[in-house]
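Keep in mind the model is a prediction, meaning the values are calculated, not measured. Naming convention: chains lettered A, B, ... in sequence-line order (proteins, then strands); numbering from 1 in each chain.
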Amino acid sequence: MKHLIDPMDLTVEEINDLLVLADDIILDKTKYRDVCKYKTLATCFFEPSTRTRLSFEAAMLELGGNVLGFSSADSSSAAKGESVTDTARTVACYSDIIAMRHPKEGAPFVATRGLTVPIINAGDGGHNHPTQTLTDLLTIHREKGHFDNLVVGLCGDLKFGRTVHSLIKALTRYKNIHFILISPEELRVPEYIIEDVLKKSNVTFEEARTMEEVMDKLDILYMTRVQKERFFNEADYIRLKDSYILDLEKLKKAKKDLTIMHPLPRVNEISVQVDDDPRAAYFRQALYGKYIRMALIMKMLGLK
Amino acid sequence: MNIDSIKNGIVLDHITAGKAMEVYESLELAKLDCSVAMIMNVKSNKMGRKDILKIDDDFEVNLDVLGYIDPNISVCIIKDGKVSEKKKLTLPKQIKNIHKCKNPRCITSIEQELDHIFYLADEETQTYRCIYCETKKG
């Protein structure tokens, strides 16, 4: 694995290897604390991020490595008009591996040109965010223990949410997954996901307008934020927003072993009362994000 | 209407009616130092109506561009007044700098020196996507 740009760059076997390694890291972190000694991760973040950048940095530090980088385009030579390729090639002179976030779609792919160190796409606009997908897969693996025979509910903004699209693509490779796509009409999953991904993979799915009507069927509920600005008018937003807020009342109908996930940040789409429910996995998910990045950094650097 | 046959050159036959000018421009035939005949809206048993281009010189046709515009075009190489070779067109796997990506969030929107490249994502539906942002060619 030279670079990681698209979550689908990884085969199921490669993903399994990463999950196994992440499991082992979780089991005994001390075993890995010097694995990346004298290695440096560069975090090139052309736009702000909390979780992704910090989890990359925490991952490298816990592996005993060093971290350098920048956290906005203003503090890099991009502000002087430098190309992404040139920035990446320069940063590669001072580091062993790069994690790049960029607001423009395809920027990390362009950065791979002539690059001598591996690069990880840490999010490019609304396009790809492979380490979020890996985080989601590790969460399902840890919480459920398997990927097959699951009913996966995806709720909220399914139109613009890149995490949802990537997760759908990743899960279609497993057996007997059934998706329930819960969203307002305005934020339905794009047609190409239905036609090119779900139907072509022969994956079963259904669409629902409220989570109440399907709650009892779900093994996983993946929540996303419904943003007010996505609606054409405020009246529609007010009419619909409560249908996409998860609270204890709605959870009454849910299975006892439901796993509630969210890529975070959350605004109000999950009531804080839900946080204490053992089914709420979203903060554990944020932690798994660090472990899967540790595994990924090791694999990409060819370390054991 | 009669157009003289050519001795050595290329005939692009079975062009979808109305597309000859697009082919002419895409292949940059105006830059050639030879006669080019564009015959449009000709009756065709096979197609109803078709366009034809006759180029009175031998040159290397960009088959990718041609295949992308219209994969049904017949490319006939003429030598000594006879068809010496017929080339079959297919949809090219990639097209370079024929279209610009229209996605304002694509990296090509800020990095001017990047080639605009689209790859064939689905042959059946003839769908091309940008290699950078995967936006469908509109």
Side-chain angles (χ1 to χ4, degrees), chain A residues 3 5-9 44 46-47 73 76-89 100-114 119 121-130 159-162 165-166 168-169 190-201, chain B residues 16 19 22 25-26 28 60 62-73 88-138:
Chain A
H3 305 291
I5 302 301
D6 183 317
M8 300 305 275
D9 288 347
C44 300
F46 292 82
E47 67 174 6
S76 79
S77 284
K80 297 175 192 163
E82 186 176 52
S83 70
V84 171
T85 315
D86 284 2
T87 304
R89 289 182 81 159
M100 179 184 282
R101 165 163 294 192
H102 201 289
K104 291 293 180 183
E105 297 170 7
F109 171 68
V110 170
T112 60
R113 290 180 178 178
I119 189 166
N121 179 2
D124 59 335
H127 186 213
N128 281 321
H129 193 356
K159 185 175 182 180
F160 298 99
R162 65 181 169 193
H165 304 163
S166 295
I168 290 174
K169 285 184 199 170
E191 212 47 42
Y192 82 89
I193 293 284
I194 290 179
E195 295 298 326
D196 297 351
V197 181
L198 293 169
K199 286 187 180 171
K200 277 199 178 161
S201 325
Chain B
T16 303
K19 277 198 172 178
E22 190 184 343
E25 284 173 352
S26 300
E28 300 183 318
E60 205 169 311
N62 187 334
L63 296 177
D64 280 353
V65 171
L66 217 49
Y68 168 68
I69 296 170
D70 188 348
N72 299 314
I73 294 173
K88 206 171 158 70
L89 296 178
T90 50
L91 281 173
K93 298 285 176 225
Q94 274 197 352
I95 49 169
K96 195 170 165 184
N97 295 329
I98 296 176
H99 289 279
K100 282 187 183 289
C101 182
K102 288 180 182 163
N103 175 9
R105 297 181 306 276
C106 180
I107 185 67
T108 54
S109 69
I110 57 163
E111 299 218 348
Q112 310 302 327
E113 80 289 358
L114 286 174
D115 287 320
H116 286 251
I117 305 170
F118 289 81
Y119 69 94
L120 182 61
D122 190 333
E123 202 161 343
E124 204 176 298
T125 56
Q126 301 191 3
T127 303
Y128 282 86
R129 291 188 183 278
C130 173
I131 61 157
Y132 307 106
C133 68
E134 294 180 86
T135 297
K136 202 169 163 181
K137 185 195 74 62

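Contact annotation for residues 127-135 of chain B against chain A (heavy-atom separation below 4.5 Å, listed by residue number): B:Arg129, B:Ile131, B:Tyr132, B:Cys133, B:Glu134. For residues 105-118 of chain B, a heavy-atom distance under 4.5 Å to chain A picks out B:Arg105, B:Cys106, B:Ile107, B:Ser109, B:Ile110, B:Glu111, B:Glu113, B:Leu114, given by residue number.
Partners of A:His102 by ring-ring contact (aromatic ring centres under 6.0 Å, His included), not counting sequence neighbours, listed by chain and number: A:Phe46. Applying the salt bridge (charged side-chain N to carboxylate O under 4.0 Å, His left out) test to B:Lys136 and every residue at least two apart in sequence or in another chain returns nothing.
Within 6.0 Å of NZ on A:Lys200 lie more than 12 heavy atoms contributed by other residues, nucleotides or ligands.
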Worksheet item: Would B:Asp122 and A:Glu195 satisfy side chain to side chain contact (heavy atoms under 4.5 Å, CB included), going step by step from the backbone distance to the final call?
Response: CA-CA 12 Å; B:Asp122 190 333; A:Glu195 295 298 326; over 6 Å; no

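Per-residue counts of heavy-atom pairs under 4.5 Å with chain B were compared for A:Gly106, A:Pro103, A:Pro108; the largest is that of A:Gly106.
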